[in-house]
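Lettering follows sequence order; numbering is per chain, from 1. Bear in mind the structure is a predicted one, so any value in this text is a computation, not a measurement. For the numbers below, each heavy atom of this structure counts, side chains included, while hydrogens, waters and symmetry mates do not.
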Amino acid sequence: MIKRSFFALSRPRLTYDLLEPDPLEPQTIPVPDLITLFLTESIDSKRPALIKKGDPVEKGQKLVLYEDSTAYAVSPVAGTIKMIDSYSDDFGAIATCIIIAHDPVRTSQAQSMEMSEDISFAAAHLLKLPGAPPFDILADENVNITTIVITGADTDLLTTTSQYVTTSHIRDLEQGAKILKQITNVSRICITLPESLNGNAPTASLQVLQTGTVYPDTLPAMIMKDHLDQILPAGKTPEEMGVCFIRAEAVVSLARAFAAKAYIFEKHVTLVDKNASRHRIKAVIGTPLSNIFSQLDIQVNDQDRIIIGGPMRGYATFTVHHPVTPDMDTVVVQDQRIIPKISDTPCVNCGKCVQICPADIQVNLLVRFLETNQYEEATDKYDLDACIECGLCTYVCTSQIALGQYIRLGKHELRKLRADV
Amino acid sequence: MNPIKKIFELLEYDFSDAGKFAKLGPLFDATKTFFFLPSPKNKMGPFIRDHLDLKRYMSFVIISLLPVLFFGMYNTGYQSGLARGETLEFWASFLSGAWVVMPIIIVSYGVGFFWEILFAAIRRHPISEGFLVTGLLFPLTLPPTIPLWQVALGISFGVVIGKEIFGGTGRNILNPALTARAFVFFSYPVTMSGNVWVAGADAVDGITGATALAVNAEGGTSLFSTLSDQGFSLSNLFFGFVPGSIGETSALCCLIGAVFLMVTRIGNYRIILGGIAGLIITAILFYFLPGTKGTWADAGPLYHLCAGGFLFGISFMATDPVSAPGTNPGRWIFGFLIGFLTVILRVANPAFAEGVMLAILFMNVFAPLLDHLVMKHRISKRIPNV
C-alpha cells in the first residue's frame, strides 16, 4: 500500500493522494433492502420511546428516540422499522442502531421541507446531511466562531473524496458557502485546496488556502498554524479558538438541499480495495458496507480488516454490516496478510517518534506514562493534550508500539476522569 | 521455493503451540525472522507501518561494527605476531587473529542466547533483537587474551543482571554490554588490566606489554616521547596498530562506524558530538594545568581522543538509545559529561586507566534525571506545540 525504501536516510515523507486529472464519475450503489442508521444515544427501556419496531417511516423523516432527545437520524428511504438495537462504538460507548426495511413500492420522493436560513433550523434538521456539517457547534451560543474553513483537501492518505466533490460540484460549493455565510453570519470563509487543484478553485468570495502535499499538512491544527497564523494551544479544539472546519461535501449537500427543498442522502466515499486500487462510489447513507463490497466484487474474509476514515486516522470496524455514515469519506479494506504487526517490545528510546512529531511531543517519554495508566501525569508533564492525532509516531515506531492507540485511549480516559470531577 | 523457507515451513508445526517444542517457539520465531521479514499482524490504528522494525534497526548497528570487528581480528593477529618477534603479512595476521577472536564471539553469542531463550521461553515473549548487538559489543571490549570462561561469565551477568531482571530490551537502565565488561573488569582485574599481552598464548608465553593509557613518563621526559618509544605514536593510535581490547584500538574504524550510525540516524549525533566536545574541552583544560608533565593530564585532546576506548564507547555504547536520555538537550549534556568524566577518570584515578566504561555507566544512571530536568524546563517555559 504505502511503502518506503528501507535505506531511506531521512525521515519518511508520506504524501497525500491527489485527484487524477480527469476524475471518473462515481459508481452509484443501488439502495439496499435494509438500511442501518446510528443514533448517538443509548436505549433506555424505562422511558417511553417515540419509535418502535414496525413503525412506518417516510423518506426524509426525522427519527428521535425520546421526547427530549437531541440526537436524531434521518431516514433515507420509505419503509418500516425492522429493529432498534444497541451498538457499541470504537471506545465501547453505547449507541443505538435503527434498521429500516426499505419499501421500494412506496413513493421515492423525499418529503418536501421548508428550508429556513437559520442556524438553529440547520442544527435541528440538517446535521445528518452527507458530510456531517457541524451545525450544532455553529449554533452553540457559547462558541464564538470567526472563521470557517471548508476542507477541500483530504485529511488522510489514499483518499480523494473531498477533492473530487470540490472540483466536480464547484457551483454548488459556491452556493453552499453563500448560504453558510448567511445562516452563520461568519464573514471569513476559506477553503483548503491542494496546489494542483488551484485552477479549479472557486473564485467568488472564498479565500483559498493552498495546502502542501505532505502528510499532515491538511490536518486542522496544521492549517491553523500554516495559514491562519494561530497556534492551537494544547488541549483546545479549533472551535474554541474560533475556527470551524467543515467538509466540502457538507457545503455542497447544503446547497443541494436548499435547491431541492428536500433532504439529500447520497454520500461520496473513496473505497480502497485489497489491491490498493481506488473506487469512487456514491451510496445512500445507511447502506451496509457488505452491499458495497458485493457490488464491487470485493471478497472480505475472516481477519481481513475494514478501516473507516483512512489509514492514519481511521478506526477499524468489526462488522461488514457497518453502514455508510454522513462523515465517512474513506473505507480501506486490508487483506489479513498485509496487516502490519503489533509487538509487545518495550520502547527502545530510538527517538524516531520525536523526530517526526509535528506537535513536538516527547512521545518516547509520554508512552511510558500511558502504558502505566498515569494519564494525569502524562498530560501535566508530557503534553498528552498537545497531540493532534496524526498517527505518524505509530507509523515510524521501531518497536512497533501502538502509540496512537495509547494516546487516543489516554485522551479518552482523561475526558472521563475530568467529566467525573 | 526457497530451500531455507522450506525448512522453516517443515518445522513450523513442531514449534507452534500444539507442537512438541512449543516452549522453544520464541527461538524458532527469532531464527525465522532473522532470515525473512516478520509475518505481519496487527489490531489497532494507524493501519500502516514503516518497514523499519527493531531487528532491522539492530542490524544497522551490526553493520556499523564490521570495520571495527575486522580490523580487530587483523590487529590481534598482527600484535601477537609482533610479540613473537615476527612481522606477519596481512592474511596471516587476519587469520591468526580471527582464530583468537572468533571463539570469544561465539561464546558470547552462544551463552547470551541461552539466557535470552530461557527468559523468552519462561516469559513467553519473542526473543528480543537487542541481544544481536550486545552479543557482539561485549567481545569487542575485551582483550583477546581473555579466558573463554570469563567471557561466558561476563555475558551471563550482562544479560541477566544488566537486562533481563529489569524486563528485557527497552527496560534496562545500564548498557548490558558495558555491565558485562564492568563485571569482568572488577572481578578479574589481572586479565582485564591490559598489562598482559599473550594472544595466541599457545604459540608464545608470557609476553607482556602495557596499553597506551597505562603508560606514564618518568624522570621529566615528555609523555609523547615515552609513548612513541613504546610504539604508541599518534598515527599508530589513530589507525589502531597497538595492543588493546579487540575493538577499541582503531580510532579510524570507530569513526567510520560512528559516521555510518549518524548518517542512518540509528545513533544520535548529539551524543557522539557532545561526547567528543566534552573530551576535547576537558583535555585542553587539563593540558594547561601546571605540574602535570609526563602524566595523561598533559596529553592534550588528540591523544585522549585516539588512545583507549573512548571513540568506541561514545560511538557504540553511549548511543545505545535505551540507556541514553530521550530528549535532545539531555543527549547533548549526556554526551558532554561522558567526555568530561572520561578525562577526569583517566587523569585523576590511575587505578582505572580506562575511564570511558565507568563514565558511560555512570551517565546511564543519570539519563532519566537529565530527561526529567529537560521536561521540567520545557513545562516551565510552556513551549508551544505544533
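- Residues A/L157 and A/Y16 meet the side-chain proximity criterion, which asks for heavy atoms closer than 4.5 Å.
- Residues meeting the side-chain hydrogen bond (donor to acceptor under 3.5 Å, both in side chains) test with A/T325, sequence neighbours left out: A/D327.
- More than 12 heavy atoms of other residues, nucleotides or ligands shown are found within 6.0 angstrom of CZ on A/F293.
- For a heavy-atom cut-off of 4.5 Å, chain A lies close to B/P321, B/V322, B/A324, B/P325, B/G326, B/T327, B/N328, B/R331 in residues 319-337 of chain B.
- Residue A/C347 touches chain B through its backbone alone, counting heavy-atom pairs closer than 4.5 Å.
- Between the side chains of A/T270 and A/T161, at least one donor N or O lies within less than 3.5 Å of an accepting N or O.
- A 4.5 Å side-chain heavy-atom check between B/V263 and B/V259 finds at least one atom pair inside the cut-off.
- Looking only at side-chain heavy atoms (C-beta outward), B/E116 and B/E164 come within less than 4.5 Å of each other.
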